[in-house]
Amino acid sequence: MLSTLLAFLGACTLIAASPGPSTMLIIRQSLRSRRAGFLTVLGNETGVFIWGVVAALGLTALLMASRLAYDVMRIAGAVTLVVFGVKALLDARRGHGEEEDQEATTVRSGWTSYRSGLLLNLANPKAAVFAMSFLPQFVPASAPHLPTMIALAAIWAIFEVGYYGLYVWFVGRLKKVFSRAGVRRRLEQVSGGVLLLLGVRMALEG
């Protein structure tokens with residue numbers, strides 16, 4: 001069981017290290033504040049755990065079996081990514097480096113940041129399909145399937161909270177650099193552009 005767990009954590013590290021829309025959103029929110037970044041992480045990992053439980057219950061198979069359901073989720077996910085991307089580009093254009101804007105953003109960013117992370121994860125049908133194919137590989141033959149899958153989903157989510165928490169910490173440590181108007185605007189533009197392109201790619205995928 002210990003060797004299985006170590007292999008599972010190693011796989012979780014490789015998954016988290018692969019850049020994707022969640023990574024870009026976490027970095028973007030961390031530019032606002034550590035609180036916003038960390039709450040985005042919590043929202044994203046809530047989504048990871050939910051998909052893990054859904055996979056454990058076998059409900060993800062229904063999504064794979066229904067082309068219509070998968071396409072509806074795919075388009076919804078694409079729209080979500082595009083909206084986040086456009087918002088980042090508009091924020092960069094308006095310039096959120098002003099102190100009063102930062103303070104106002106911090107006040108309202110709690111639930112909004114958590115919801116953004118959760119929504120981005122739940123709107124991605126690939127996350128559901130991946131959870132169904134990933135988690136069963138680490139269930140020992142002698143272990144009860146359902147509770148073990150749920151436990152692995154919880155470990156996966158908790159592990160990624162710590163992993164992405166390092167991103168939030170790193171951005172916070174370089175806050176003086178990132179707070180410069182030009183640097184922050186450029187990072188907003190890059191993150192917004194990446195999210196927008198990922199959304200378009202998801203929409204065009206068959």
Side chain to side chain contact (heavy atoms under 4.5 Å, CB included) against [X], all qualifying residues, sequence neighbours excluded:
X: V54; value: I50, W51, L59, T60
X: I75; value: V79
X: A123; value: T80
X: S30; value: I26, V168, V171

When rounded to the nearest 0.5 angstrom, what distance separates [atom1] in [X] from [atom2] in [Y]?
X: L122; Y: L118; atom1: CG; atom2: CG; value: 4.5 Å
X: N121; Y: T40; atom1: CG; atom2: OG1; value: 12.5 Å
X: Q29; Y: M24; atom1: CD; atom2: CE; value: 12.0 Å
X: M149; Y: L146; atom1: CE; atom2: CG; value: 8.0 Å

Report, one line per pair, each donor and acceptor closer than 3.5 Å where one atom sits in a side chain of residues 134-145; sequence neighbours left out.
{"residue": "Q137", "atom": "NE2", "partner": "S133", "partner atom": "O", "Å": "2.8"}

All heavy atoms of L81 vs all of P21, minimum pair found to be CD2-CB, 3.4 Å
On a heavy-atom basis, which atom in G52 and which in A153 lie closest, and how many Å separate them?
CA-CB, 3.7 Å
Residues forming a side chain to side chain donor-acceptor pair (under 3.5 Å) with S22, sequence neighbours excluded
N44
Among all residues two or more places apart in sequence or in another chain, which pass the side chain to side chain donor-acceptor pair (under 3.5 Å) test with T46?
Y114
How about K87 and R28: do any of their side-chain heavy atoms sit closer than 4.5 Å?
yes
So, do W111 and L39 sit near enough that their side-chain heavy atoms are less than 4.5 Å apart?
no
List, by chain and then residue number, the residues other than L197 in its hydrophobic cluster (Ile/Leu/Val/Met/Phe/Trp/Tyr, side-chain heavy atoms under 4.5 Å); write none if there are no others.
none
Can you give me every donor-acceptor pair (side chain of residues 159-166, partner residue at least two apart or in another chain, under 3.5 Å) with its distance?
{"residue": "E160", "atom": "OE2", "partner": "W156", "partner atom": "NE1", "Å": "3.0"}
{"residue": "Y164", "atom": "OH", "partner": "A16", "partner atom": "O", "Å": "3.4"}

